Each structure stands twice: as C-alpha cells, then as structure tokens.
Amino acid sequence: MENQIESRFIALETKLAYLEDFTQKLQEVVLENQKMLDVLRQENRILSERIKDLSENQEIPNRRPPHY
C-alpha cells in the first residue's frame with residue numbers, strides 16, 4: 001500500500017515538473033509573440049500615416065475615363 005502511494009506521488013511530481021516546464025516555454029513564446037505584435041502595430045501605424053500623407057498630397061485629375 002505504501003509503495004503504491006509513493007509511486008503515485010512520484011507520478012504526480014513528474015507530471016507537475018513537465019507542466020512547469022511547458023508553462024515556462026509557453027510563457028516565452030507568448031512574450032516573443034507580444035514583442036512581434038508590438039513591432040507590427042508600430043509598422044502598421046507608420047505605414048498608415050505614410051499612405052494618408054501620400055493620398056492627401058496626390059492630385060487626382062478630374063477627367064473622363066478613356067471609354068467615354
């Protein structure tokens with residue numbers, strides 16, 4: 001009986017160790033993804049501003065299309 005309890009306890013400790021390792025790796029991936037997301041948001045903001053500036057400065061001719 002005592003041997004069975006000890007083996008179950010060891011199994012639980014092993015599972016806990018694997019879960020802790022998995023959680024740590026998952027946390028690292030989440031942090032890396034968050035950094036990448038921040039960079040992409042920054043780039044998106046810069047590109048959006050650039051497009052807005054270019055579209056405001058561009059003159060669109062007011063003429064008929066060639067098929068008329």
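Position 1 is the first residue of the sequence, and the numbers go up from there. These figures come from a predicted structure and were not determined experimentally.
Counting non-hydrogen atoms of other residues, nucleotides and ligands closer than 6.0 Å to CD of Glu6 gives a total of 12 or fewer. Atom CZ of Arg45 has more than 12 heavy atoms from other residues, nucleotides or ligands within 6.0 Å. Counting heavy atoms of neighbouring residues, nucleotides and ligands inside a 6.0 Å radius, atom CD of Glu28 exceeds 12 of them.
Applying the side-chain hydrogen bond (donor to acceptor under 3.5 Å, both in side chains) rule to Asn3 yields no partners; only residues at least two apart in sequence or on another chain are considered. Applying the side-chain hydrogen bond (donor to acceptor under 3.5 Å, both in side chains) criterion to Lys25, with sequence neighbours excluded, gives Asp21.
Once rounded to the nearest 0.5 Å, the distance linking CG of Leu47 with CG of Leu40 reads 10.5 Å. Summarising the geometry, atom CD belonging to Glu32 is positioned 7.0 Å from atom CE belonging to Met36; distances are rounded to the nearest 0.5 Å. Taken to the nearest 0.5 Å, the CG atom of Leu26 stands 9.5 Å off from the CG atom of Asn33.
Arg8 places none of its side-chain heavy atoms less than 4.5 Å from the side chain of Ile5. Counting heavy atoms from C-beta outward, Ile10 and Thr14 have side chains that approach closer than 4.5 Å.
Side-chain contact, Asp38 with Gln34: a donor N or O sits under 3.5 Å from an acceptor N or O.
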